[in-house]
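I have placed the structure first, in the form of structure tokens, so that the comments after it can refer back to it.
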Amino acid sequence: MKYKLWLISIIVVIFIYNSANAQLKIMPLGDSITEGVLLAANPNYPDGTNKANPEQGLSPEGFTGSLMSGSGGYRIHLKQYLYNLNWDSYMVGQRHDVAGYHEGYPGYMTSDILAILPQILEANPPNVILLHIGTNDLPWPINPDSCYTNINLMLDIIHDFDPDIQVILAQIIPCLQNTTLGEKRYPKIIELNSMLPQIALERSYVKIVDMWHAFTYYSDWESRLMSGTWHPNNTGYRIMAEKWRDALETVIEGRSPLVYEITPTKGSIFDSSFTCSVSGEYFLDGANVYLKDETGIKYFAASVNFQNSTSLEALFDLSAISEGNWEVKTVNPNHMRNIHSAEVYFNMITDSTTPDYLTRINCGGVAYFDGRGQQWSADQAYTTGSFGYIGGQTYSTSDPIGWTNEDLLYQSERWGQSAYQFDVRNGTYRVILHFAEIYFENENKRLFDIKLNGETAVSNYDIFDEAGHDVATSKA
């Protein structure tokens, strides 16, 4: 079993740098339906007898079957709806038209989006993604099962890039059945749509929006809402925008909480907790406050007392917080993690006076500077007046370690020692033990006591990852 010691004296100092209202960044992502393709109107064919190519199918009355992009599709209507709601939001993407920026790519299948998704996210990191994809996959060359797999792979990439991104995933719109391909595609779309709700059950950051029944609710949806075999007309796009808007309203509170001040500005890490008052505007009952460091680790307040729309009181447990640069974030309920939240910043820095005793040990390993610039000493044998192991052996692995960005600190261990001894003068010391299970012969069956001066100090232990998740509980 791996452990490390971290004895440290820290003062919390809070500096407010920015309390601006955070804008909500929405990314429309998908194929030509996201781009907003329409069939071009042609007065020379008022009777609707003109046909497009076999892929496009029979055009509705008054349309030629030639494709016309640049209309903005559902996005131009959604933009107006969000403006009417007074939302502080805008759409992001690398492509642009009259409705603004987007990531809609005509003809793209799920595999095509999957291939470029990391670059898309890196170019314009969103808070919310509106994903409508799969029409071009079906029924060939991809079946619904493979399409479903690709969508899940997309969601993995999105979550790995930023777990705070909210995804609203569409059960895709129907197609007309007046061509050979349309007849085959229609039931495959039904099959894919029946599978998608399972994703929302498995992923808390995904919400399903039912575009299929938004169209088929109308008995005459083919003529009322479609401009071709695959694409809506302007009325159909407006209905899509209404569904996106309704879904956004269910997961995101439109107004951001504004943070103006946090008091007090100092607290001691040797205290078991830190209580601060947060003042600002637009706080809702149920609002939360958390700390987030540069690596993305979060520490949520142990409790938040909502006083009114301009005042919160947050209580933090300081037991696992180290020095470094942190953000203080406030988030209203229904924001789904970090979406549309206001923020301020603070630093946790070491006390200006030299601590009585401070050491970090990389047990079983070498000396190391971690991502925060903190030095960890190499493992060493005990000598009088210093520290080190008494007996034992080492074991190491090159495997990556989950839930941390400091793999090297957890890839080695010392086991079987009779003690790890520190010669220090009498006083109060803070001891932090870091564990990683890197030897799996008896996985999840390690039982142990922690003894100080020969007396059992801990006989029940909880194991948390670096983000504070309770990953294991056992009794020695």
| task | State, without any angle test, whether Asn308 and Ser311 hold a side-chain donor-acceptor pair at a distance under 3.5 Å. | result | no
| message | Just by distance, no angles: are the side chains of Gln94 and Gln119 close enough, under 3.5 Å, to form a donor-acceptor pair? | response | yes
| query | Are Trp244 and Tyr74 an aromatic pair by the rule of ring centers under 6.0 Å? | reply | yes
| query | Is a side-chain donor-acceptor pair under 3.5 Å present for His213 with Asp210? | reply | yes
| request: Verify whether one side chain among Gln307 and Ser277 offers a donor that lies under 3.5 Å from an acceptor in the other. | output: no
| query | Ser111 and Asn150: side-chain donor and acceptor closer than 3.5 Å? | reply | no
| request: Look at the side chain of Gln171 and the backbone N and O of Asn193, then say whether any donor-acceptor pair between them is shorter than 3.5 Å. | output: yes
| said: Quick one about Glu406 and Tyr368 (side-chain donor to acceptor, distance below 3.5 Å, no hydrogens or angles considered), yes or no? | reply: yes
| said: Can you confirm whether the side chains of Tyr420 and Asp379 place a donor and an acceptor under 3.5 Å from each other? | reply: yes
| query | Does the pair Arg95 and Glu103 meet the rule for a salt bridge (Lys or Arg N to Asp or Glu O under 4.0 Å), with working shown? | reply | CA-CA 6 Å; Arg95 311 195 71 207; Glu103 294 286 356; over 6 Å; no
| OH of Tyr101: more than 12 outside heavy atoms within 6.0 angstrom? | no
| field | Aromatic contact, Tyr205 with His159 (centres under 6.0 Å) | value | yes
